[in-house]
There are 2 protein chains.
Amino acid sequence: MSNFPFQRLQADLSGLIDRTPAGQRLPSEPELAKQLGVSRATLRDAMRTFETQGLVRRRQGSGTFVVGKVQALDSGLEVLESLETMAKRLGLVISVSHLSVEPLAADETLAEKLGLEVGAGLLCIRRVIRADGRPVAYLVDTLPENVLRVDDVATDFHGSVLDFLLERGDILKTSRANVSALGATAEVAKALEIQRGDVLLHFYSQLFDENAKVVDYSLSYFIPGYFHFHVVRRVGG
Amino acid sequence: MSNFPFQRLQADLSGLIDRTPAGQRLPSEPELAKQLGVSRATLRDAMRTFETQGLVRRRQGSGTFVVGKVQALDSGLEVLESLETMAKRLGLVISVSHLSVEPLAADETLAEKLGLEVGAGLLCIRRVIRADGRPVAYLVDTLPENVLRVDDVATDFHGSVLDFLLERGDILKTSRANVSALGATAEVAKALEIQRGDVLLHFYSQLFDENAKVVDYSLSYFIPGYFHFHVVRRVGG
DNA sequence: ACACTATAAGTTGTCAGACAATTAACTCAG
DNA sequence: CTGAGTTAATTGTCTGACAACTTATAGTGT
């Protein structure tokens, strides 16, 4: 029972944020601290935990704002589909930004994940997916250079590696995806325009072709609330 | 480029935490602030983001410690199995604490998820799963009272609702699970002995019987790093 | 010698006040 | 009407201090 002021403050703030309409500004820090009976330092400490959850956004000189969500993208995990396909299916419009294509050599981790040797030539594709203009996902795909080269993606690449390979005629079989949760690293935070440490849903997966070779090692970072991933689990072993 | 001191501080702290062995204490806040060239207030602000990710743990009067992970529990999402079954399969020992069994009436959300009417009698089972003595998951199962009554679970309940129903002879078919990430609420934070807002992996799922009736609405909260959930996704639609 | 208590030092939690950096609105000359 | 400068408001950071808590140490009584 030690954290009384802080915990009580979190509860009060949570209620205030819930009651405040999305996009609206909260009272200034000095005023809020006075209203809630705590110092501004403690208030800021608590407010950081809500910023981490993506519930509020602070802007120096402007204020602290409650963030609102757009409609969530819904998809089952049994079938692998691109975010573009998912959005089209739901009649939503998404866009791609910060597209970066970069060749690199396999380090120990990538070599193991892709079934190659250390130093093998790879191509790394990074991009930010936006819904309603706001960043909602950051995707990093890494492929062997014999699967995809820089000049291959110069044309007809619209943001989805999966769609590109399928339209090219590649035969792809399955993807093995791992799901986790984590705090944003510096790189991911910058891309998604959030703070380092903010909570994210994370997939890392291997895409296999007909010969069970790994053709793509993919890292996906999703801002919670914008996606509903579900899966049907069979009972019994 | 506004958050320079804070962002640089996060990078420095991240490196320090990575270099520090698990369980070891970090230098005191005044000393660290002096070493890193920031005020203690800013240092604390940054340190909270790492506490939120579960990377460090602060104890008043004692210090700030780097937390270490135990072996992760590995499981596929295609098959629904209890954490107990999962642990036994991997030769690990887990325990159950804070077991709470409580009857309640269905509110709007629960009624919809369970396919019942508002006010219907329910049974809510909450418990904390521990590995190596440390909390790693918080589970909340809610079942209709015609499926499970209080006195049913008085005996032979070892922590898993799924195992209990199966051993009793119930015919269960599938579970529809949704995966997400979120910050801990006050209730979950208390159960898992973490801070409100700390990042968690979250499943919420419906368990169906042979008649496609919902027999269990389940909420699961996992501390990241202790579990590896994976799923094989089929390409194409 | 042992168990228990009181003390002291060290650490995190909170507070108060101040200034810097940034933003947004306003004023006013052209 | 436009645009630059000014001003007020807000968050970011710093400094210093004290409170609350933990741990180790020294001391005391039996």
Side-chain angles (χ1 to χ4, degrees), chain A residues 1-13 16-17 20 23-67 186 189-190 193-198, chain B residues 1-13 16-17 20 23-67 186 189-190 193-198:
Chain A
M1 312 300 177
S2 58
N3 302 344
F4 251 21
F6 184 77
Q7 289 188 0
R8 183 199 179 100
L9 177 59
Q10 280 189 316
D12 291 343
L13 274 181
L16 175 64
I17 292 171
T20 304
Q24 192 165 323
R25 212 199 73 195
L26 294 176
S28 70
E29 292 178 353
E31 185 176 343
L32 253 186
K34 184 181 170 188
Q35 284 182 18
L36 301 176
V38 296
S39 73
R40 196 183 148 218
T42 305
L43 174 76
R44 282 182 55 78
D45 200 12
M47 198 64 91
R48 155 107 27 225
T49 68
F50 291 98
E51 187 183 29
T52 292
Q53 297 177 61
L55 298 175
V56 301
R57 175 131 199 182
R58 296 189 282 191
R59 286 203 300 247
Q60 184 175 200
S62 178
T64 303
F65 300 83
V66 176
V67 316
K190 184 179 176 186
E193 299 172 13
I194 57 178
Q195 294 281 333
R196 180 178 187 153
D198 283 7
Chain B
M1 309 299 177
S2 59
N3 303 343
F4 251 21
F6 183 77
Q7 289 187 359
R8 183 198 178 102
L9 177 59
Q10 280 189 316
D12 290 343
L13 274 181
L16 175 63
I17 292 171
T20 305
Q24 192 165 324
R25 213 198 72 196
L26 294 175
S28 71
E29 291 178 353
E31 185 175 344
L32 252 186
K34 184 180 170 189
Q35 285 182 18
L36 301 176
V38 297
S39 74
R40 196 182 146 218
T42 305
L43 175 75
R44 281 182 56 79
D45 199 12
M47 197 65 90
R48 172 156 308 278
T49 67
F50 291 99
E51 186 183 29
T52 292
Q53 298 178 61
L55 297 176
V56 302
R57 174 128 199 184
R58 296 189 282 190
R59 286 205 298 250
Q60 183 175 358
S62 179
T64 303
F65 300 83
V66 176
V67 317
K190 184 179 176 187
E193 299 170 15
I194 57 179
Q195 295 280 334
R196 182 177 186 155
D198 284 8

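In what follows, chains are A, B, ... by sequence order, proteins preceding strands, each numbered from 1. Given the structure is predicted, the values throughout are model-derived calculations rather than measurements.
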A:R58 atom CZ is separated from D:dA9 atom C1', nearest whole Å, by 17 Å
Here the distance between atom C1' of C:dT11 and atom CE of B:M47, to the nearest Å, is 12 Å
note: B:R57, atom CZ; C:dG13, atom C1'; distance rounded to Å ~ 16 Å
Interatomic distance, CG@B:D45 vs CG@B:L9, rounded to 0.5 Å, equals 9.0 Å
Atom CG of B:D45 and atom C1' of D:dT11 are separated, to the nearest Å, by 11 Å
When rounded to whole Å, the CZ to C1' distance for the pair B:F65 and D:dC21 reads 13 Å
Heavy atoms under 4.0 Å, any strand shown: does A:R25 hit a base, just sugar-phosphate, or nothing? sugar-phosphate
Exercise. Within the structure, does a side-chain N or O atom of A:S62 lie under 4.0 Å from either OP1 or OP2 of D:dA9?
Worked result: no
Rounding to 0.5 Å, atoms CD1 (B:I17) and CZ (B:F50) come to a distance of 5.0 Å
- Within the structure, does a side-chain N or O atom of A:R40 lie under 4.0 Å from either OP1 or OP2 of C:dC15? no
Which of D:dC14, C:dC15, C:dT12 is nearest the side chain of A:T42? It is C:dC15
The salt bridge (Lys or Arg N to Asp or Glu O under 4.0 Å) partner of A:E51 among A:R196, A:R44, A:R57, A:R58 is A:R58
Are any of the side-chain nitrogens in A:E31 or A:K34 under 4.0 Å away from the carboxylate oxygens of its partner? no
Side-chain contact check for A:Q60: nearest option of C:dC15, C:dT12, D:dG12 is D:dG12
Picking from D:dC14, D:dT13, C:dC15, the nucleotide nearest the side-chain atoms of B:F6 would be D:dT13
Ranking D:dT11, D:dC14, C:dT12 by distance to the side chain of B:E29, first place goes to C:dT12
From CD of B:Q195 across to P of C:dT12 the rounded distance in Å is 14 Å
From the candidates D:dT10, D:dT13, C:dC15, the one with an atom nearest any side-chain atom of A:S28 is D:dT10
*asked:* Pair B:L32, B:L13 - check side-chain contact (heavy atoms from CB on, under 4.5 Å), show working.
replied: CA-CA 9 Å; B:L32 252 186; B:L13 274 181; 4.2 Å; yes
5'-most contact on DNA chain C (nearest-nucleotide basis), B:G61 vs B:E51, goes to B:G61
A:L32 atom CG is separated from C:dC15 atom P, nearest whole Å, by 14 Å
Q. Is the distance from OP1 or OP2 of C:dT11 to the nearest side-chain N or O of B:R59 less than 4.0 Å?
A. no
Side-chain N or O of B:S39 closer than 4.0 Å to phosphate OP1/OP2 of D:dT15: no
From CG of A:L9 across to C1' of C:dC15 the rounded distance in Å is 13 Å
